[in-house]
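Read the structure below first, then the notes.
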Amino acid sequence: MARRGPMASMSATGQCPACLNVEGMRWASSLTAVCFTVESGLPSNLQAFANGIGRTAFGEQGCLGSVVLSVPGQLDAEVGKPVKIPCTHTITGSTGNVMVEWFVVNKNGQRTRIAYKDATSSVTDPATDYSDRVTMDDDDTLSISQVQLTDEKTFLCQVIAGAAGSQEGKTELRVFDAPQQPDVDYNPAILSVTERDPSEIGTCTSRNGYPAPSIVWYKDEVLLPTVTTRNNKMYMMSRVVKEASGLYTVTNKLYFKPSKADKDSEYRCQVHYQMMKGMQYTLDSEPFQITLHYHTEVVTFNVTSDAILKEGDDVTLHCSADGFPQPDYVFYKLEGDEEMELSGSKDGILVLKNLTKEQSGQYRCEALDFDAPSEVVLKKDISIFVNYLDPLVFNPEGPITVRREGDIQVSCVTQGSVTPKIMWRKGKELVSRSGTLSLHKVNYRSSGTYVCEAIAPSISGLVKTQQLQVFVEGKPSVQHSPPEVIVHKEGEKVTLTCVASGHPTPKITWNVDKNQVLESFENAVTSKVSLPITSEMVQTGVMCNATNKYGSTHRSFHLGIVPPTTAPPMTSGENLEQQGGGGGAVIAVVVCVLLLLLVVAILYCLHKKGKLPCGKSEKKDAVHTEVRNDDIVVEMKTGQSAEASGLLGLNGDPRPTGVRC
């Protein structure tokens with residue numbers, strides 16, 4: 001037998017038929033093949049006793065040998081990973097054949113060898129749970145390749161060293177396995193804050209952990225105290241299940257009585273588990289929220305549109321209650337003591353489109369929350385004001401009709417929530433900066449559409465406009481046209497245009513039987529005719545006549561046919577068409593020709609009357625100048641040609657020789 005203490009170790013081999021009790025320890029009484037190894041530090045009386053036994057049995061030579069063995073008392077391992085269990089030993093004295101064996105010990109203390117090694121071989125025992133998972137290293141360490149949950153056992157290392165004796169040591173192997181990420185199932189129902197008992201908030205589940213983990217709860221990142229006793233505020237219920245695999249599944253349910261203040265709270269659970277070497281770890285679930293049912297305490301009613309409202313705007317009124325679920329809403333417009341129900345939406349939105357001044361006033365919203373206590377005010381009122389301008393009024397009323405050369409004066413008035421600025425426009429032209437439109441000695445151009453515009457300067461976009469039609473009546477007026485239209489030959493086509501103004505719109509007729517093209521404008525009409533010129537038309541002329549109920553006006557077109565002085569080559573089939581008044585160039589040419597003929601005639605007459613003296617002289621190289629007070633002076637140079645000296649007649653005929661002018 002052997003006894004190990006904190007200060008000494010002893011080993012023995014052989015049989016021990018009888019033992020003695022010394023201070024609570026059993027010692028071998030037969031020392032046949034027995035060896036004690038005594039380490040210092042024992043009490044003096046026990047050390048002397050042991051030394052005496054050794055000398056009596058073996059004389060002064062001492063022990064035959066000894067075995068000193070060391071194994072860790074406890075070792076941690078993680079499931080699925082390898083682990084090594086060391087067995088360190090020292091042998092002194094006569095050893096003989098040394099064998100190291102590894103055993104597993106079950107809960108009943110029964111041993112099963114799983115591997116051994118001697119001087120010649122290292123063997124893993126077959127037909128055990130470790131046959132394919134363990135080996136022995138050179139230093140007798142037991143290596144387990146993949147730890148399983150069932151490996152949480154006692155492992156025993158035994159060293160047998162022949163005459164030196166034997167020794168054994170035990171290691172308790174602890175196995176750990178981290179759990180999975182926790183799952184949380186929260187209550188999807190709407191929980192009422194008026195319930196008397198706590199409601200189930202959620203269930204947290206941690207699976208496949210070893211040893212069994214623990215679960216705690218957080219609310220808004222504040223750790224909730226672990227309470228396992230039922231009460232009317234908060235408690236937890238935990239359950240631990242060992243699965244067939246040996247791993248643990250832990251569930252924990254949180255029961256809590258929420259209040260309205262918890263409507264936005266977040267919850268989560270946290271799993272605490274232990275791993276090797278006493279290390280503690282945690283795993284958190286995803287946060288979640290619960291849905292609470294609580295009654296309304298406050299109703300709000302406001303305008304979400306611009307603060308300054310005007311006619312034509314849209315306005316949105318929003319009513320809301322702080323209860324959940326949101327109640328239905330009813331809207332009213334207050335007319336004195338009466339409530340006129342309006343069609344709003346169930347989500348508390350009332351939209352008023354295209355506002356008028358009649359929609360100014362007080363509106364009411366009512367939240368239909370039947371769970372709210374009677375002291376809660378579920379109605380809320382709000383007032384809106386719509387800025388406006390009344391319709392514009394003309395005095396006199398339009399449309400306005402006035403005779404040509406007459407006067408017009410029209411006033412434009414309105415009123416509204418603010419004093420407007422009034423002006424008159426015709427098209428883009430500003431014709432009056434006040435509410436009075438004054439027109440003097442009107443003509444046809446004064447006819448048309450006038451717009452009175454009222455603007456509220458302090459309220460952007462508040463504008464009112466009204467149109468006034470003005471008609472100027474009178475005898476038609478025809479625009480002037482060129483007095484004469486000249487063509488080069490008979491049959492040449494021209495287009496004549498007649499423009500007449502007046503009200504009522506005049507009717508235009510022609511004294512020629514031709515189709516006319518009419519174009520009407522405001523208080524004016526344009527008529528065009530295209531026709532070939534004949535000699536009869538040259539004699540009679542062409543006339544357009546504009547007529548309305550106040551009379552008629554006509555315009556005559558004088559026609560003329562003047563052949564060109566030099567006829568340009570004409571292309572066969574060429575048709576020349578001139579617009580009325582296009583003969584101006586022809587007239588200018590004719591006038592120039594007539595003036596030239598007149599000058600020639602005057603010179604010829606002067607010559608006949610002797611006012612232009614001519615004489616005979618012989619050619620001289622010098623220039624001869626003869627001056628008379630009443631004659632035209634002409635200078636001649638010798639050597640000039642007859643044409644250059646003016647010796648040709650008016651028609652190009654040669655003059656008599658010796659004649660000079």
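Positions are given from 1, in the same order as the sequence printed here.
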With side chains defined as the heavy atoms from C-beta onward, is the minimum distance between [X] and [Y] less than 4.5 Å?
| X | Y | result |
| --- | --- | --- |
| Glu339 | Lys379 | yes |
| Lys233 | Pro198 | no |
| Thr205 | Thr249 | yes |
| Lys81 | Val147 | no |
| Leu342 | Tyr363 | yes |
| Asp322 | Lys260 | yes |
| Ile85 | Val71 | no |
| Trp217 | Ile201 | no |

Check whether more than 12 heavy atoms from other residues, nucleotides or ligands sit under 6.0 Å from atom [atom1] of [X], and answer yes or no.
| X | atom1 | value |
| --- | --- | --- |
| Leu368 | CG | yes |
| Lys333 | NZ | yes |
| Lys257 | NZ | yes |
| Asn108 | CG | yes |
| Gln280 | CD | yes |
| Glu286 | CD | no |
| Asp138 | CG | no |
| Phe301 | CZ | yes |

Exercise. Looking at Phe176, Tyr273, Tyr248, which hits ring-ring contact (aromatic ring centres under 6.0 Å, His included) with Tyr210?
Worked result: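 By the ring-ring contact (aromatic ring centres under 6.0 Å, His included) criterion, Tyr210 pairs with just one of Phe176, Tyr273, Tyr248: Tyr248.
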
Look only at the side chain of [X] and the backbone of [Y], and say whether a donor-acceptor pair between them is shorter than 3.5 Å.
| X | Y | answer |
| --- | --- | --- |
| Ser131 | Asp125 | yes |
| Asn252 | Cys204 | no |
| Glu152 | Leu149 | no |
| Glu311 | Leu389 | yes |
| Ser285 | Cys269 | yes |
| Ser360 | Val386 | yes |
| Gln146 | Pro82 | no |
| Lys242 | Ala212 | no |
| Asp177 | Val79 | no |
| Asn387 | Leu309 | yes |

Check whether the side chains of [X] and [Y] place a donor and an acceptor atom closer than 3.5 Å, and report yes or no.
| X | Y | value |
| --- | --- | --- |
| Gln270 | His272 | yes |
| Glu243 | Ser245 | no |
| Tyr235 | Arg230 | yes |
| Asp220 | Ser265 | yes |
| Lys84 | Ser143 | yes |

For this session: Determine, step by step, whether Phe324 and Val193 satisfy the side chain to side chain contact (heavy atoms under 4.5 Å, CB included) criterion, reporting the C-alpha distance in whole Å, the side-chain angles of both residues, the deciding distance to 0.1 Å, and the verdict.
Result: CA-CA 11 Å; Phe324 190 87; Val193 298; over 6 Å; no

For the atom pair [atom1] ([X]) and [atom2] ([Y]), what is the distance rounded to the nearest 0.5 Å?
| X | Y | atom1 | atom2 | answer |
| --- | --- | --- | --- | --- |
| Leu352 | Ile384 | CG | CD1 | 5.5 Å |
| Asp264 | Ile290 | CG | CD1 | 11.0 Å |
| Cys319 | Arg364 | SG | CZ | 11.5 Å |
| Phe103 | Gln158 | CZ | CD | 5.0 Å |
| Thr112 | Ile114 | OG1 | CD1 | 9.0 Å |
| Ser343 | Leu350 | OG | CG | 7.5 Å |

For this session: Validate the cation-pi geometry between Lys357 and Tyr388: distance from NZ or CZ to the six-membered ring centre under 6.0 Å, angle to the ring axis within 45°.
Result: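 Yes - Lys357 lies over the ring of Tyr388, closer than 6.0 Å to its centre and within 45° of its axis.
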
Indicate the atoms forming the closest heavy-atom contact of [X] with [Y], along with that distance.
| X | Y | value |
| --- | --- | --- |
| Pro86 | Thr141 | CA-OG1, 3.6 Å |
| Cys87 | Val159 | SG-CG2, 4.4 Å |
| Thr296 | Pro327 | OG1-CG, 4.2 Å |
| Ser259 | Leu292 | O-CD1, 3.3 Å |
| Lys219 | Leu224 | CB-CD2, 3.9 Å |
| Gln180 | Leu283 | O-CD1, 3.6 Å |

Exercise. Partners of Asn231 by side chain to side chain donor-acceptor pair (under 3.5 Å), sequence neighbours excluded?
Worked result: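 By the side chain to side chain donor-acceptor pair (under 3.5 Å) rule, Asn231 matches no residue at all.
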
For this session: Look at Arg111 together with Glu101 and state whether they make a salt bridge at an N to O cut-off of under 4.0 Å.
Result: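 Salt bridge: no.
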
Problem set entry | Verdict with supporting geometry, Arg174 and Glu172, salt bridge (charged side-chain N to carboxylate O under 4.0 Å, His left out) | CA-CA 6 Å; Arg174 296 197 308 172; Glu172 299 292 335; over 6 Å; no

Problem set entry | Derivation and outcome, side chain to side chain contact (heavy atoms under 4.5 Å, CB included), residues Thr226 and Val216 | CA-CA 7 Å; Thr226 301; Val216 295; 4.2 Å; yes

For this session: Measure up the Phe155 and Tyr130 rings against each other and bin them: parallel (under 30°), tilted (30 to 60°), perpendicular (over 60°).
Result: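 Perpendicular, since the angle between the ring planes exceeds 60°.
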
Problem set entry | Candidate pair Cys157 and Val100, rule side chain to side chain contact (heavy atoms under 4.5 Å, CB included), full reasoning | CA-CA 7 Å; Cys157 177; Val100 179; 3.9 Å; yes

For this session: Could you check Leu355 against Lys310 for side chain to side chain contact (heavy atoms under 4.5 Å, CB included), going step by step and ending with a plain yes or no?
Result: CA-CA 7 Å; Leu355 288 173; Lys310 64 181 181 301; over 6 Å; no

